[in-house]
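A short write-up of the structure that comes next.
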Amino acid sequence: MAAEEEASRPFAGLSDVSISEDIPVEGDISVPVGPSRTDEEFSTLDEPVKETVLRDLRAVGNKFIHVLYPRRSSALLRDWDLWGPLLLCVTLALLLQDGTADSDLEGGPQFAEVFVIVWFGSIIITLNSKLLGGTLSFFQSLCVLGYCILPLTVAMVVCRVVLLGASGTVSFVVRLVVVTASFGWSTFASTAFLSDSQPANRRALVVYPVFLFYFVIGWMVLTFSPLKREP
Amino acid sequence: MASPNDLKFEELEGAVQLLSDDSAASTLSLSRAPTTPAEGPDVKVDLSEDEHAQEESAELLGGQKHGGGFWTFEYYQSFFNVDTTQVLERVKGSVMPSPGRSFLKHYVRTSPDLYGPFWICVTLVFSMAISGNLSTFLSQTGNPEYHYRPQFHRVTIAAAVIFMYAWLVPVALWGFLTWRRGAERQIGGYSFLETVCVYGYSLFIYIPTSVLWSIPVQWLQWILVLVSMGVSGSVLVLTFWPIVRDDSKVMAAATLATILVLHTLLAVGCKLYFFQASEKLDPSPTSKPIHASATTRIL
(Lines give C-alpha, C1' and ligand atoms only; values in the text may rest on other atoms or scores of the structure.)
Protein backbone atom coordinates (compact mmCIF):
# COMPACT_ATOMS: atom_id res chain seq x y z
CA MET A 1 0.00 0.00 0.00
CA ALA A 2 2.79 2.38 0.94
CA ALA A 3 4.74 1.45 -2.14
CA GLU A 4 1.75 2.03 -4.21
CA GLU A 5 1.25 5.41 -2.68
CA GLU A 6 4.87 6.29 -3.28
CA ALA A 7 4.65 5.08 -6.79
CA SER A 8 1.58 7.00 -7.48
CA ARG A 9 2.91 10.10 -5.73
CA PRO A 10 5.03 11.44 -8.65
CA PHE A 11 1.89 11.31 -10.64
CA ALA A 12 -0.30 12.46 -7.86
CA GLY A 13 0.34 16.10 -8.60
CA LEU A 14 -0.49 15.65 -12.17
CA SER A 15 -4.02 14.71 -11.46
CA ASP A 16 -4.54 18.27 -10.38
CA VAL A 17 -3.22 19.68 -13.61
CA SER A 18 -5.95 20.49 -16.00
CA ILE A 19 -5.36 22.13 -19.28
CA SER A 20 -8.60 23.93 -19.31
CA GLU A 21 -9.93 27.33 -18.57
CA ASP A 22 -7.86 27.70 -15.39
CA ILE A 23 -4.50 27.97 -17.06
CA PRO A 24 -4.71 29.82 -20.33
CA VAL A 25 -2.21 28.74 -22.93
CA GLU A 26 -0.44 31.62 -24.51
CA GLY A 27 2.33 31.95 -26.97
CA ASP A 28 3.55 33.16 -30.25
CA ILE A 29 3.26 31.03 -33.36
CA SER A 30 5.14 32.91 -35.96
CA VAL A 31 5.17 31.75 -39.58
CA PRO A 32 7.78 33.22 -41.89
CA VAL A 33 5.77 35.33 -44.25
CA GLY A 34 8.43 36.27 -46.77
CA PRO A 35 9.35 34.03 -49.73
CA SER A 36 11.39 31.12 -48.42
CA ARG A 37 14.19 29.35 -50.29
CA THR A 38 12.22 26.19 -51.09
CA ASP A 39 9.26 28.13 -52.46
CA GLU A 40 11.38 29.80 -55.11
CA GLU A 41 12.45 26.52 -56.71
CA PHE A 42 8.92 25.32 -57.39
CA SER A 43 7.35 28.53 -58.54
CA THR A 44 8.85 29.68 -61.80
CA LEU A 45 6.06 32.06 -62.62
CA ASP A 46 8.01 35.15 -61.65
CA GLU A 47 11.16 34.56 -63.56
CA PRO A 48 11.80 36.29 -66.86
CA VAL A 49 10.83 34.35 -70.00
CA LYS A 50 14.39 34.38 -71.22
CA GLU A 51 15.39 32.41 -68.14
CA THR A 52 12.72 29.77 -68.77
CA VAL A 53 13.60 29.34 -72.41
CA LEU A 54 17.30 29.22 -71.73
CA ARG A 55 16.86 26.56 -69.09
CA ASP A 56 15.09 24.25 -71.50
CA LEU A 57 17.58 25.03 -74.26
CA ARG A 58 20.45 24.23 -71.97
CA ALA A 59 18.87 20.89 -71.10
CA VAL A 60 18.41 20.09 -74.77
CA GLY A 61 21.98 21.14 -75.57
CA ASN A 62 23.28 19.02 -72.73
CA LYS A 63 21.57 15.98 -74.18
CA PHE A 64 22.93 16.76 -77.65
CA ILE A 65 26.42 16.57 -76.18
CA HIS A 66 25.58 13.25 -74.56
CA VAL A 67 24.50 11.89 -77.93
CA LEU A 68 27.58 13.15 -79.75
CA TYR A 69 29.88 11.58 -77.19
CA PRO A 70 27.99 8.49 -76.05
CA ARG A 71 29.11 7.54 -72.59
CA ARG A 72 27.53 5.55 -69.85
CA SER A 73 25.38 8.27 -68.42
CA SER A 74 21.76 8.46 -67.55
CA ALA A 75 21.19 12.08 -68.53
CA LEU A 76 18.98 11.14 -71.46
CA LEU A 77 17.05 8.62 -69.46
CA ARG A 78 16.58 10.43 -66.20
CA ASP A 79 15.47 13.80 -67.48
CA TRP A 80 13.80 12.89 -70.70
CA ASP A 81 12.19 15.57 -72.78
CA LEU A 82 10.72 15.63 -76.27
CA TRP A 83 11.80 19.15 -77.30
CA GLY A 84 15.03 17.90 -78.77
CA PRO A 85 13.43 15.22 -80.96
CA LEU A 86 10.82 17.71 -82.17
CA LEU A 87 13.48 20.26 -83.06
CA LEU A 88 15.53 17.64 -84.91
CA CYS A 89 12.55 16.20 -86.76
CA VAL A 90 11.35 19.61 -87.95
CA THR A 91 14.87 20.60 -89.03
CA LEU A 92 15.35 17.34 -90.92
CA ALA A 93 11.96 17.58 -92.61
CA LEU A 94 12.59 21.20 -93.66
CA LEU A 95 16.03 20.36 -95.03
CA LEU A 96 14.57 17.46 -97.03
CA GLN A 97 12.30 19.80 -98.94
CA ASP A 98 13.63 20.51 -102.36
CA GLY A 99 11.09 23.08 -103.35
CA THR A 100 9.56 21.16 -106.24
CA ALA A 101 5.92 21.56 -107.14
CA ASP A 102 3.46 19.23 -105.47
CA SER A 103 2.62 17.64 -108.79
CA ASP A 104 6.03 16.02 -108.99
CA LEU A 105 5.04 12.62 -107.66
CA GLU A 106 8.46 11.14 -108.06
CA GLY A 107 10.21 13.44 -105.65
CA GLY A 108 11.53 12.98 -102.21
CA PRO A 109 9.49 12.64 -99.04
CA GLN A 110 7.05 15.38 -98.22
CA PHE A 111 7.22 17.16 -94.88
CA ALA A 112 4.38 15.09 -93.48
CA GLU A 113 5.96 11.85 -94.66
CA VAL A 114 9.19 12.59 -92.80
CA PHE A 115 7.22 13.48 -89.69
CA VAL A 116 5.19 10.30 -89.86
CA ILE A 117 8.22 8.11 -90.44
CA VAL A 118 10.18 9.63 -87.57
CA TRP A 119 7.41 9.75 -84.98
CA PHE A 120 5.44 6.64 -85.85
CA GLY A 121 8.68 4.77 -86.39
CA SER A 122 9.86 5.75 -82.91
CA ILE A 123 6.52 4.84 -81.36
CA ILE A 124 6.45 1.44 -83.05
CA ILE A 125 10.02 0.66 -82.03
CA THR A 126 9.25 1.70 -78.46
CA LEU A 127 6.15 -0.51 -78.40
CA ASN A 128 8.17 -3.35 -79.86
CA SER A 129 10.84 -3.12 -77.19
CA LYS A 130 8.24 -2.89 -74.43
CA LEU A 131 6.35 -5.91 -75.79
CA LEU A 132 9.57 -7.89 -75.84
CA GLY A 133 10.01 -7.20 -72.16
CA GLY A 134 12.06 -4.02 -71.97
CA THR A 135 12.31 -1.96 -68.83
CA LEU A 136 12.55 1.54 -70.26
CA SER A 137 9.45 3.66 -70.03
CA PHE A 138 7.59 4.77 -73.14
CA PHE A 139 8.78 8.38 -73.16
CA GLN A 140 12.35 7.57 -72.19
CA SER A 141 12.59 5.35 -75.24
CA LEU A 142 11.04 7.99 -77.52
CA CYS A 143 13.48 10.54 -76.12
CA VAL A 144 16.53 8.35 -76.83
CA LEU A 145 15.44 7.46 -80.37
CA GLY A 146 14.63 11.08 -81.18
CA TYR A 147 17.87 12.52 -79.84
CA CYS A 148 19.97 9.97 -81.72
CA ILE A 149 18.75 11.41 -85.01
CA LEU A 150 21.20 14.27 -84.38
CA PRO A 151 24.13 12.74 -86.33
CA LEU A 152 21.88 12.19 -89.35
CA THR A 153 20.63 15.79 -89.19
CA VAL A 154 24.23 17.00 -89.14
CA ALA A 155 24.90 14.76 -92.15
CA MET A 156 21.91 16.32 -93.93
CA VAL A 157 23.36 19.79 -93.41
CA VAL A 158 26.72 18.60 -94.75
CA CYS A 159 25.03 16.97 -97.76
CA ARG A 160 23.17 20.13 -98.66
CA VAL A 161 26.38 22.13 -98.43
CA VAL A 162 28.17 19.61 -100.66
CA LEU A 163 25.33 19.66 -103.17
CA LEU A 164 25.62 23.44 -103.45
CA GLY A 165 29.12 22.95 -104.76
CA ALA A 166 28.97 19.97 -107.12
CA SER A 167 26.57 17.15 -107.92
CA GLY A 168 28.63 14.56 -109.73
CA THR A 169 30.12 11.25 -108.71
CA VAL A 170 32.64 12.82 -106.33
CA SER A 171 29.96 14.56 -104.35
CA PHE A 172 27.98 11.31 -104.24
CA VAL A 173 30.93 9.43 -102.80
CA VAL A 174 31.52 12.14 -100.21
CA ARG A 175 27.84 12.12 -99.25
CA LEU A 176 27.83 8.32 -99.07
CA VAL A 177 30.75 8.31 -96.67
CA VAL A 178 29.25 11.03 -94.49
CA VAL A 179 25.81 9.40 -94.34
CA THR A 180 27.21 5.95 -93.63
CA ALA A 181 29.36 7.29 -90.80
CA SER A 182 26.48 9.19 -89.22
CA PHE A 183 24.12 6.22 -89.60
CA GLY A 184 26.62 4.05 -87.76
CA TRP A 185 27.02 6.72 -85.10
CA SER A 186 23.26 7.03 -84.57
CA THR A 187 22.75 3.29 -84.29
CA PHE A 188 25.69 2.90 -81.94
CA ALA A 189 24.55 5.77 -79.71
CA SER A 190 20.97 4.57 -79.41
CA THR A 191 21.89 0.95 -78.75
CA ALA A 192 24.28 2.13 -76.04
CA PHE A 193 21.27 3.56 -74.25
CA LEU A 194 18.64 0.99 -75.15
CA SER A 195 20.34 -2.36 -75.02
CA ASP A 196 20.91 -2.44 -71.30
CA SER A 197 17.22 -2.54 -70.63
CA GLN A 198 16.58 -5.73 -72.58
CA PRO A 199 16.96 -9.37 -71.57
CA ALA A 200 20.05 -10.82 -73.19
CA ASN A 201 18.36 -13.38 -75.42
CA ARG A 202 16.25 -10.74 -77.15
CA ARG A 203 18.75 -7.98 -77.62
CA ALA A 204 19.13 -8.55 -81.36
CA LEU A 205 15.37 -8.54 -81.78
CA VAL A 206 15.27 -5.03 -80.30
CA VAL A 207 18.35 -3.66 -82.07
CA TYR A 208 17.25 -4.70 -85.57
CA PRO A 209 14.25 -2.31 -85.81
CA VAL A 210 16.46 0.55 -84.58
CA PHE A 211 18.96 -0.33 -87.30
CA LEU A 212 16.16 -0.35 -89.90
CA PHE A 213 14.81 3.00 -88.66
CA TYR A 214 18.12 4.84 -88.99
CA PHE A 215 18.82 3.05 -92.28
CA VAL A 216 15.61 4.43 -93.77
CA ILE A 217 16.36 7.94 -92.51
CA GLY A 218 19.90 7.63 -93.87
CA TRP A 219 18.52 6.58 -97.25
CA MET A 220 16.24 9.62 -97.30
CA VAL A 221 19.22 11.86 -96.52
CA LEU A 222 21.46 10.23 -99.11
CA THR A 223 18.96 10.25 -101.97
CA PHE A 224 18.10 13.91 -101.52
CA SER A 225 18.54 15.51 -104.89
CA PRO A 226 17.19 18.96 -105.62
CA LEU A 227 15.91 19.65 -109.10
CA LYS A 228 18.24 21.71 -111.20
CA ARG A 229 16.92 25.21 -111.37
CA GLU A 230 16.80 26.67 -114.87
CA PRO A 231 19.10 29.70 -114.99
CA MET B 1 -39.56 -54.70 -75.65
CA ALA B 2 -37.44 -57.69 -76.30
CA SER B 3 -36.31 -56.67 -79.78
CA PRO B 4 -34.68 -53.31 -78.82
CA ASN B 5 -32.74 -55.06 -76.09
CA ASP B 6 -31.63 -57.71 -78.49
CA LEU B 7 -30.54 -55.02 -80.92
CA LYS B 8 -28.63 -53.28 -78.21
CA PHE B 9 -26.78 -56.43 -77.31
CA GLU B 10 -25.92 -56.95 -80.95
CA GLU B 11 -24.50 -53.50 -81.15
CA LEU B 12 -22.44 -54.13 -78.10
CA GLU B 13 -21.00 -57.26 -79.62
CA GLY B 14 -20.04 -55.36 -82.73
CA ALA B 15 -18.47 -52.70 -80.63
CA VAL B 16 -16.53 -55.23 -78.63
CA GLN B 17 -15.30 -56.69 -81.89
CA LEU B 18 -14.09 -53.28 -82.98
CA LEU B 19 -12.38 -52.73 -79.68
CA SER B 20 -10.46 -55.95 -79.89
CA ASP B 21 -9.42 -55.10 -83.43
CA ASP B 22 -8.05 -51.69 -82.56
CA SER B 23 -7.23 -51.55 -78.92
CA ALA B 24 -5.75 -48.09 -79.22
CA ALA B 25 -9.05 -46.48 -80.07
CA SER B 26 -10.50 -44.44 -77.26
CA THR B 27 -13.86 -45.80 -76.42
CA LEU B 28 -15.45 -43.79 -73.69
CA SER B 29 -18.96 -44.84 -74.54
CA LEU B 30 -17.98 -48.46 -74.63
CA SER B 31 -16.63 -48.44 -71.11
CA ARG B 32 -19.95 -47.33 -69.78
CA ALA B 33 -22.09 -49.40 -72.07
CA PRO B 34 -22.40 -52.57 -69.93
CA THR B 35 -23.94 -50.68 -67.01
CA THR B 36 -26.23 -48.17 -68.75
CA PRO B 37 -26.46 -48.94 -72.42
CA ALA B 38 -29.30 -46.46 -72.99
CA GLU B 39 -27.17 -43.61 -71.71
CA GLY B 40 -24.08 -44.51 -73.71
CA PRO B 41 -24.57 -42.00 -76.53
CA ASP B 42 -25.60 -39.25 -74.11
CA VAL B 43 -22.47 -39.65 -72.05
CA LYS B 44 -20.40 -39.43 -75.13
CA VAL B 45 -22.03 -36.19 -76.22
CA ASP B 46 -21.57 -34.59 -72.80
CA LEU B 47 -17.90 -35.31 -72.62
CA SER B 48 -17.30 -34.13 -76.14
CA GLU B 49 -19.19 -30.92 -75.44
CA ASP B 50 -16.77 -30.17 -72.64
CA GLU B 51 -13.93 -30.86 -74.95
CA HIS B 52 -15.52 -28.61 -77.56
CA ALA B 53 -15.77 -25.75 -75.11
CA GLN B 54 -12.14 -26.09 -74.18
CA GLU B 55 -11.12 -26.51 -77.75
CA GLU B 56 -12.97 -23.39 -78.84
CA SER B 57 -11.05 -21.08 -76.60
CA ALA B 58 -7.83 -22.96 -77.21
CA GLU B 59 -8.28 -22.88 -80.98
CA LEU B 60 -8.80 -19.17 -81.20
CA LEU B 61 -5.70 -18.50 -79.19
CA GLY B 62 -3.55 -21.23 -80.64
CA GLY B 63 -3.74 -23.43 -77.59
CA GLN B 64 -1.84 -20.96 -75.42
CA LYS B 65 -2.65 -19.26 -72.21
CA HIS B 66 -2.98 -15.53 -72.95
CA GLY B 67 -2.80 -13.44 -69.82
CA GLY B 68 -5.56 -10.99 -69.22
CA GLY B 69 -8.23 -9.60 -71.48
CA PHE B 70 -7.53 -7.91 -74.78
CA TRP B 71 -7.41 -4.51 -73.08
CA THR B 72 -4.36 -5.38 -70.96
CA PHE B 73 -0.76 -5.04 -72.05
CA GLU B 74 0.11 -8.59 -70.99
CA TYR B 75 -2.29 -9.99 -73.58
CA TYR B 76 -0.25 -8.45 -76.38
CA GLN B 77 3.02 -9.31 -74.72
CA SER B 78 2.14 -12.97 -75.09
CA PHE B 79 2.32 -12.51 -78.87
CA PHE B 80 5.95 -11.45 -78.63
CA ASN B 81 7.17 -14.31 -76.53
CA VAL B 82 10.09 -15.31 -78.73
CA ASP B 83 13.87 -15.29 -78.51
CA THR B 84 16.38 -14.34 -81.16
CA THR B 85 17.24 -17.99 -81.85
CA GLN B 86 13.60 -18.93 -82.31
CA VAL B 87 13.01 -16.16 -84.82
CA LEU B 88 16.12 -17.10 -86.76
CA GLU B 89 15.07 -20.75 -86.82
CA ARG B 90 11.64 -19.87 -88.14
CA VAL B 91 13.14 -17.69 -90.84
CA LYS B 92 15.44 -20.51 -91.87
CA GLY B 93 12.52 -22.92 -91.96
CA SER B 94 10.56 -20.64 -94.24
CA VAL B 95 13.41 -20.46 -96.73
CA MET B 96 14.06 -24.21 -96.85
CA PRO B 97 10.76 -26.05 -97.00
CA SER B 98 10.97 -29.82 -96.92
CA PRO B 99 8.11 -31.97 -98.22
CA GLY B 100 7.53 -34.05 -95.14
CA ARG B 101 7.26 -31.24 -92.70
CA SER B 102 4.67 -28.57 -92.27
CA PHE B 103 6.29 -25.25 -91.33
CA LEU B 104 3.62 -24.71 -88.76
CA LYS B 105 3.86 -28.02 -86.98
CA HIS B 106 7.59 -28.00 -86.86
CA TYR B 107 8.45 -24.48 -85.92
CA VAL B 108 5.50 -22.48 -84.84
CA ARG B 109 3.14 -24.77 -82.99
CA THR B 110 4.66 -24.08 -79.61
CA SER B 111 4.25 -20.33 -79.65
CA PRO B 112 3.09 -18.34 -82.66
CA ASP B 113 4.41 -14.81 -82.60
CA LEU B 114 3.66 -11.51 -84.25
CA TYR B 115 7.22 -10.14 -84.17
CA GLY B 116 8.33 -12.05 -87.26
CA PRO B 117 5.37 -11.27 -89.55
CA PHE B 118 5.31 -7.57 -88.64
CA TRP B 119 9.00 -6.79 -89.03
CA ILE B 120 9.36 -8.97 -92.12
CA CYS B 121 6.54 -6.94 -93.72
CA VAL B 122 8.15 -3.62 -92.76
CA THR B 123 11.55 -4.73 -94.05
CA LEU B 124 9.96 -5.97 -97.27
CA VAL B 125 8.21 -2.63 -97.84
CA PHE B 126 11.43 -0.68 -97.59
CA SER B 127 13.53 -3.20 -99.48
CA MET B 128 11.04 -3.17 -102.38
CA ALA B 129 10.94 0.61 -102.53
CA ILE B 130 14.69 1.09 -102.18
CA SER B 131 15.63 -1.69 -104.61
CA GLY B 132 13.06 -0.48 -107.12
CA ASN B 133 14.51 2.99 -106.95
CA LEU B 134 18.00 1.53 -107.38
CA SER B 135 16.96 -0.56 -110.38
CA THR B 136 15.39 2.48 -112.04
CA PHE B 137 18.60 4.37 -111.47
CA LEU B 138 20.81 1.54 -112.76
CA SER B 139 18.75 1.05 -115.88
CA GLN B 140 19.10 4.73 -116.73
CA THR B 141 22.78 5.31 -116.04
CA GLY B 142 23.71 5.78 -119.67
CA ASN B 143 21.01 8.34 -120.24
CA PRO B 144 22.18 11.96 -120.04
CA GLU B 145 18.60 13.22 -119.90
CA TYR B 146 17.82 11.29 -116.77
CA HIS B 147 17.73 13.18 -113.52
CA TYR B 148 17.66 10.99 -110.44
CA ARG B 149 14.44 11.11 -108.43
CA PRO B 150 14.00 9.36 -105.06
CA GLN B 151 10.44 8.19 -105.92
CA PHE B 152 9.39 8.20 -102.33
CA HIS B 153 5.73 7.62 -103.17
CA ARG B 154 6.63 3.98 -103.82
CA VAL B 155 7.09 3.45 -100.09
CA THR B 156 3.47 4.34 -99.48
CA ILE B 157 2.23 2.08 -102.25
CA ALA B 158 4.44 -0.82 -101.20
CA ALA B 159 3.28 -0.46 -97.60
CA ALA B 160 -0.38 -0.52 -98.59
CA VAL B 161 -0.03 -3.56 -100.85
CA ILE B 162 2.15 -5.68 -98.61
CA PHE B 163 0.32 -5.02 -95.38
CA MET B 164 -3.04 -5.67 -97.00
CA TYR B 165 -1.75 -8.95 -98.40
CA ALA B 166 -0.13 -10.10 -95.19
CA TRP B 167 -3.09 -9.31 -92.96
CA LEU B 168 -6.28 -9.48 -95.02
CA VAL B 169 -5.55 -12.69 -96.91
CA PRO B 170 -4.92 -14.70 -93.70
CA VAL B 171 -8.16 -13.31 -92.26
CA ALA B 172 -10.08 -14.42 -95.32
CA LEU B 173 -8.36 -17.80 -95.44
CA TRP B 174 -8.85 -18.50 -91.76
CA GLY B 175 -12.50 -17.49 -91.97
CA PHE B 176 -13.03 -19.69 -94.99
CA LEU B 177 -11.30 -22.71 -93.45
CA THR B 178 -13.19 -22.32 -90.18
CA TRP B 179 -16.47 -22.11 -92.07
CA ARG B 180 -15.64 -25.21 -94.08
CA ARG B 181 -14.82 -27.26 -91.04
CA GLY B 182 -18.19 -26.15 -89.80
CA ALA B 183 -19.82 -27.90 -86.89
CA GLU B 184 -17.22 -30.62 -86.59
CA ARG B 185 -14.64 -28.30 -85.02
CA GLN B 186 -11.82 -30.74 -84.99
CA ILE B 187 -8.60 -30.13 -83.18
CA GLY B 188 -6.70 -29.96 -86.43
CA GLY B 189 -7.67 -26.41 -87.29
CA TYR B 190 -5.27 -23.49 -87.25
CA SER B 191 -5.90 -20.46 -85.14
CA PHE B 192 -5.96 -16.98 -86.66
CA LEU B 193 -2.62 -16.13 -85.09
CA GLU B 194 -0.95 -19.18 -86.60
CA THR B 195 -2.29 -18.34 -90.06
CA VAL B 196 -0.95 -14.80 -89.87
CA CYS B 197 2.35 -16.17 -88.59
CA VAL B 198 2.76 -18.61 -91.49
CA TYR B 199 1.94 -15.96 -94.09
CA GLY B 200 4.32 -13.49 -92.51
CA TYR B 201 7.27 -15.84 -92.43
CA SER B 202 6.55 -17.09 -95.95
CA LEU B 203 7.17 -13.54 -97.22
CA PHE B 204 10.74 -13.56 -95.98
CA ILE B 205 12.20 -15.02 -99.18
CA TYR B 206 11.08 -11.89 -101.05
CA ILE B 207 13.51 -9.69 -99.12
CA PRO B 208 16.73 -11.04 -100.67
CA THR B 209 14.82 -11.53 -103.91
CA SER B 210 13.89 -7.86 -104.07
CA VAL B 211 17.48 -6.86 -103.43
CA LEU B 212 18.59 -9.10 -106.31
CA TRP B 213 15.81 -7.74 -108.54
CA SER B 214 17.63 -4.42 -108.64
CA ILE B 215 20.02 -5.96 -111.18
CA PRO B 216 18.43 -4.74 -114.41
CA VAL B 217 18.59 -8.01 -116.35
CA GLN B 218 15.17 -9.24 -117.47
CA TRP B 219 15.66 -12.99 -117.63
CA LEU B 220 17.39 -13.02 -114.23
CA GLN B 221 14.47 -11.16 -112.73
CA TRP B 222 11.95 -13.68 -114.05
CA ILE B 223 14.02 -16.61 -112.83
CA LEU B 224 14.10 -14.99 -109.40
CA VAL B 225 10.33 -14.60 -109.54
CA LEU B 226 9.91 -18.31 -110.22
CA VAL B 227 12.35 -19.39 -107.53
CA SER B 228 10.90 -17.22 -104.79
CA MET B 229 7.34 -18.09 -105.71
CA GLY B 230 8.28 -21.74 -105.63
CA VAL B 231 9.83 -21.55 -102.20
CA SER B 232 7.21 -19.46 -100.43
CA GLY B 233 4.33 -21.10 -102.29
CA SER B 234 5.49 -24.51 -101.19
CA VAL B 235 5.76 -23.36 -97.58
CA LEU B 236 2.13 -22.24 -97.72
CA VAL B 237 0.89 -25.34 -99.55
CA LEU B 238 2.71 -27.76 -97.23
CA THR B 239 1.27 -25.97 -94.24
CA PHE B 240 -2.31 -25.85 -95.38
CA TRP B 241 -2.49 -29.24 -97.09
CA PRO B 242 -3.14 -31.26 -93.89
CA ILE B 243 -6.10 -29.04 -93.08
CA VAL B 244 -7.58 -28.96 -96.50
CA ARG B 245 -7.29 -32.60 -97.48
CA ASP B 246 -10.10 -33.57 -95.14
CA ASP B 247 -12.43 -31.61 -97.36
CA SER B 248 -13.82 -32.72 -100.69
CA LYS B 249 -11.26 -32.94 -103.48
CA VAL B 250 -12.70 -30.02 -105.41
CA MET B 251 -12.70 -27.65 -102.45
CA ALA B 252 -9.21 -28.72 -101.43
CA ALA B 253 -7.83 -28.09 -104.89
CA ALA B 254 -9.69 -24.79 -105.16
CA THR B 255 -8.39 -23.54 -101.81
CA LEU B 256 -4.80 -24.36 -102.59
CA ALA B 257 -5.13 -22.89 -106.06
CA THR B 258 -6.49 -19.64 -104.62
CA ILE B 259 -3.60 -19.42 -102.15
CA LEU B 260 -1.11 -19.91 -104.95
CA VAL B 261 -2.82 -17.50 -107.33
CA LEU B 262 -2.87 -14.70 -104.77
CA HIS B 263 0.78 -15.32 -103.99
CA THR B 264 1.66 -15.23 -107.67
CA LEU B 265 -0.24 -11.99 -108.12
CA LEU B 266 1.73 -10.41 -105.31
CA ALA B 267 5.11 -11.50 -106.64
CA VAL B 268 4.47 -10.65 -110.28
CA GLY B 269 2.69 -7.41 -109.46
CA CYS B 270 5.50 -6.18 -107.28
CA LYS B 271 8.08 -7.16 -109.84
CA LEU B 272 6.25 -5.39 -112.67
CA TYR B 273 5.44 -2.23 -110.76
CA PHE B 274 8.62 -1.60 -108.84
CA PHE B 275 11.21 -3.01 -111.21
CA GLN B 276 10.40 -1.82 -114.70
CA ALA B 277 13.43 -2.48 -116.83
CA SER B 278 11.98 -0.94 -119.97
CA GLU B 279 11.06 2.43 -118.70
CA LYS B 280 7.77 4.15 -119.07
CA LEU B 281 8.65 7.21 -117.07
CA ASP B 282 6.31 10.06 -116.26
CA PRO B 283 5.01 11.85 -119.38
CA SER B 284 7.44 14.69 -119.78
CA PRO B 285 8.96 16.47 -122.78
CA THR B 286 12.04 14.29 -122.49
CA SER B 287 10.16 10.98 -122.66
CA LYS B 288 10.65 10.40 -126.38
CA PRO B 289 14.47 10.45 -126.27
CA ILE B 290 14.35 8.17 -123.23
CA HIS B 291 12.23 5.65 -125.13
CA ALA B 292 14.65 5.71 -128.01
CA SER B 293 17.66 5.13 -125.80
CA ALA B 294 15.85 2.41 -123.87
CA THR B 295 15.02 0.44 -126.98
CA THR B 296 18.57 0.69 -128.22
CA ARG B 297 19.75 -0.86 -124.98
CA ILE B 298 17.73 -4.02 -125.15
CA LEU B 299 19.20 -6.34 -122.59
Side-chain angles (χ1 to χ4, degrees), chain A residues 96-98 100 102-114 116-117 120-121 124-125 127-134 138 163 167-169 171-172 198-229, chain B residues 72-88 90-91 113-134 136-137 140-141 144-159 163 207 279-284 286:
Chain A
L96 276 170
Q97 299 302 300
D98 56 5
T100 53
D102 286 323
S103 60
D104 179 13
L105 284 176
E106 301 240 319
Q110 303 293 315
F111 186 90
E113 287 170 338
V114 176
V116 162
I117 285 190
F120 274 105
I124 289 177
I125 295 176
L127 279 179
N128 176 65
S129 75
K130 282 192 78 68
L131 283 169
L132 282 171
F138 183 75
L163 277 172
S167 65
T169 316
S171 88
F172 176 73
Q198 292 297 324
N201 55 349
R202 295 182 179 179
R203 208 156 279 177
L205 294 184
V206 171
V207 167
Y208 170 70
V210 174
F211 169 89
L212 187 64
F213 177 64
Y214 290 123
F215 181 80
V216 169
I217 297 183
W219 175 66
M220 287 198 298
V221 168
L222 181 63
T223 60
F224 172 75
S225 67
L227 276 186
K228 295 193 181 65
R229 305 219 181 262
Chain B
T72 61
F73 193 67
E74 286 74 29
Y75 178 74
Y76 297 103
Q77 244 176 344
S78 59
F79 297 149
F80 281 75
N81 199 12
V82 276
D83 295 337
T84 312
T85 47
Q86 275 180 311
V87 171
L88 288 177
R90 290 174 187 191
V91 161
D113 68 305
L114 279 183
Y115 176 91
F118 181 74
W119 286 108
I120 289 177
C121 287
V122 172
T123 312
L124 187 60
V125 165
F126 285 111
S127 82
M128 285 274 192
I130 293 177
S131 305
N133 193 230
L134 195 61
T136 312
F137 174 70
Q140 296 288 322
T141 38
E145 297 282 344
Y146 176 70
H147 181 77
Y148 171 75
R149 307 299 298 147
Q151 292 173 319
F152 196 78
H153 66 289
R154 286 183 169 182
V155 172
T156 322
I157 295 176
F163 272 96
I207 297 178
E279 278 308 308
K280 283 183 289 239
L281 287 179
D282 288 334
S284 60
T286 56

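Below, read A as the first sequence line, B as the second, and so on, with proteins coming before strands; counting in each chain starts at 1.
In this structure Phe224(A) satisfies the ring pair (Phe, Tyr, Trp, His ring centres under 6.0 Å) test with no other residue, sequence neighbours excluded. Contacts of Phe138(A) classified as ring pair (Phe, Tyr, Trp, His ring centres under 6.0 Å), with partners at least two apart in sequence or in another chain: none. Checked against salt bridge (charged side-chain N to carboxylate O under 4.0 Å, His left out), Arg202(A) has the following partners two or more places apart in sequence or in another chain: Asp83(B).
Among all heavy-atom pairs drawn from Thr84(B) and Ala204(A), the shortest one is CG2-CB, 3.7 Å. Smallest separation of non-hydrogen atoms from Gln77(B) and Lys130(A): NE2-O, 3.3 Å.
Separation of atoms CD1 (Ile117(A)) and CZ (Phe152(B)) is listed at 3.5 Å; rounding is to 0.5 Å. The structure places CG of Leu205(A) at 4.5 Å from OH of Tyr115(B), a figure rounded to the nearest 0.5 Å.
A 4.5 Å side-chain heavy-atom check between Tyr76(B) and Leu131(A) finds at least one atom pair inside the cut-off. With a 4.5 Å cut-off on side-chain heavy atoms, Ile124(A) and Phe118(B) count as touching. In this structure, the side chains of Trp119(B) and Asn128(A) come closer than 4.5 Å at one or more pairs of heavy atoms.
Other residues, nucleotides and ligands contribute only 12 or fewer heavy atoms inside 6.0 Å of the CZ atom of Phe137(B).
Within the 3.5 Å criterion, the main-chain N or O of Arg149(B) finds no donor-acceptor partner in the side chain of Ser225(A).
Contacts between Leu212(A) and chain B at a heavy-atom distance below 4.5 Å involve the side chain alone, from C-beta outward.
Chosen from Val87(B), Thr156(B), Val155(B), Thr123(B), the residue pairing most often with chain A at heavy-atom distances under 4.5 Å is Thr123(B). Of all the listed residues (Asn201(A), Leu132(A), Leu127(A)), the one sharing the greatest number of non-hydrogen pairs under 4.5 Å with chain B is Asn201(A).
For residues 126-134 of chain B, the interface with chain A (any heavy-atom pair closer than 4.5 Å) comprises Phe126(B), Ile130(B), Asn133(B), sorted by residue number.
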